[in-house]
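The structure under discussion appears below in the form of structure tokens.
Just so it is clear, the model here is predicted, and its values are computed rather than measured. Sequence lines set the chain letters: A, B, ... in the order given, protein chains first and strands last, and positions in each chain run from 1.
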Protein chains: 2
Amino acid sequence: MNIQGASEKTGLPAKTIRYYEDIGLIQPDRAANGYRHFSTRDLHNLTFLARARALGFTIEDCRALLGLYEDESRASAEVKTIAQKHLQAIEEKIRDLQTMRETLSDLVTSCHGDNRPDCPILSDLGGSSRD
Amino acid sequence: MNIQGASEKTGLPAKTIRYYEDIGLIQPDRAANGYRHFSTRDLHNLTFLARARALGFTIEDCRALLGLYEDESRASAEVKTIAQKHLQAIEEKIRDLQTMRETLSDLVTSCHGDNRPDCPILSDLGGSSRD
DNA sequence: CTTGACCTTCCTGTTACTGGAAGGTCTATG
DNA sequence: CATAGACCTTCCAGTAACAGGAAGGTCAAG
């Protein structure tokens, strides 16, 4: 299967698939004309990568996870450790964003949004305690 | 005030302050020796930027907000529009992360994390409906 | 006059791609 | 057989918002 077919099967852009080969995540064969040929296993790995990326794992996490996926003698503890760290990172990010949301939401609510210059949002950013 | 002083006053790394000058967010004076000199207004603007960045605004949003901050004839509606869009983007990101968190949390819980290879996390990523 | 703490500019690297240029290949049709 | 259009290839540049580091100028103290 050519790259466009692989793209459609996996949902990954062709550009991304080439990039994944570039950084050594996959190693598809080449036809005589230089075109990449994707085996079932390649497609499987690409799908794995797409799903892992969709869960927010970094490329390096994906590399490790894919290695474990293909390692019959793995210990599931290794996988769990990676996933747990990632989960913690996500939870931290959520907390950060929620803090921002609360502040922003308050500011947006308090701003009249008319054609006059008075603006509690700018006042807050400028360091005044409040409008 | 030199750059290190400005850094300490604003909490921004000196590198970041130089970067902000580079992209035209601030225009500190230069002393005869080439050193940057930060006026009270510069420090004020840097603090504004630091706070806006801490709320997750992009640099380009910050540029627009700072412009409005310094524009006595602004309409607060412009500020509010920027803030509202940003708030929506944050809320969307939170939702995305929460979806990831739920999936990941389930997977982590279901994985034994021992020295055996069986792993529902990998099974899920690999596309099986469940271990 | 030297040492160490400042300051400067410039270049590279980061993350995970995306866009685009220049050019080779394949297939269908006239 | 020629050609058009849809593929494919590699390579280069750009994105966001800086961080790290090299090479070199400046300043205050001893």
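Contacts between residues 15-29 of chain B and DNA chain D, counted as heavy-atom distances below 4.0 Å, involve B:K15, B:T16, B:Y19, B:Y20. Listed by residue number, the members of residues 42-69 of chain A with any heavy atom below 4.0 angstrom from DNA chain C are A:R53, A:T58, A:I59. Only B:N33, B:Y35, listed by number, bring a heavy atom of residues 31-39 of chain B to less than 4.0 angstrom from any atom of DNA chain D.
Side-chain contact annotation: A:T99 with A:D96, donor-acceptor N/O pair under 3.5 Å absent. Between the side chains of A:S39 and A:D29, not a single donor N or O lies within less than 3.5 Å of an accepting N or O.
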Practice problem: With side chain to side chain contact (heavy atoms under 4.5 Å, CB included) as the test, would you mind laying out the steps for B:R116 and A:S76 before giving the verdict? | Solution: CA-CA 6 Å; B:R116 283 174 301 167; A:S76 66; 5.6 Å; no

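Of the options B:L43, B:I26, B:L65, a side-chain contact (heavy atoms from CB on, under 4.5 Å) to B:F48 is made by B:L65 and by none of the others.
Although no hydrogens or angles enter the test, the distance criterion places a donor-acceptor pair under 3.5 Å between the side chain of B:H86 and the main chain of B:L55. Side-chain atoms of B:R74 come within 3.5 Å of backbone N or O of B:L68 as a donor-acceptor pair. Looking at B:R63, its side chain does come within 3.5 Å of a backbone N or O of B:I23 through a donor-acceptor pair.
Counting heavy atoms from C-beta outward, B:M1 and B:T40 have side chains that stay 4.5 Å or more apart. Using a 4.5 Å heavy-atom cutoff, the side chains of A:Q4 and A:E8 are in contact. Taking the side chain as every heavy atom from C-beta outward, B:H44 and B:F38 never approach each other to under 4.5 Å.
Taking 4.0 Å as the cut-off between side-chain N and carboxylate O, B:D61 and B:K85 do not count as a salt-bridged pair. Salt-bridge check for A:D124 with B:R51: passed, with a basic side-chain N closer than 4.0 Å to an acidic carboxylate O.
Direction change of the helix axis from one end of the helix from C:dC1-D:dG30 to C:dG30-D:dC1 to the other is 30°, with five pairs defining each end axis (rounded to 10°).
Contacts between chain B and DNA chain D, taken as any atom within less than 4.0 angstrom of a protein heavy atom, begin and end at D:dA17 to D:dC27.
Take B:T103 and apply the side chain to side chain donor-acceptor pair (under 3.5 Å) test, not counting sequence neighbours, and it matches no residue.
Residues B:Y35 and B:L46 are members of separate hydrophobic clusters, defined by side-chain heavy-atom contacts under 4.5 angstrom among Ile, Leu, Val, Met, Phe, Trp and Tyr.
Distances shorter than 4.0 Å separate some side-chain N or O of B:R30 from OP1 or OP2 on C:dT9.
Smallest separation of non-hydrogen atoms from A:V108 and B:A83: CG2-CB, 3.7 Å.
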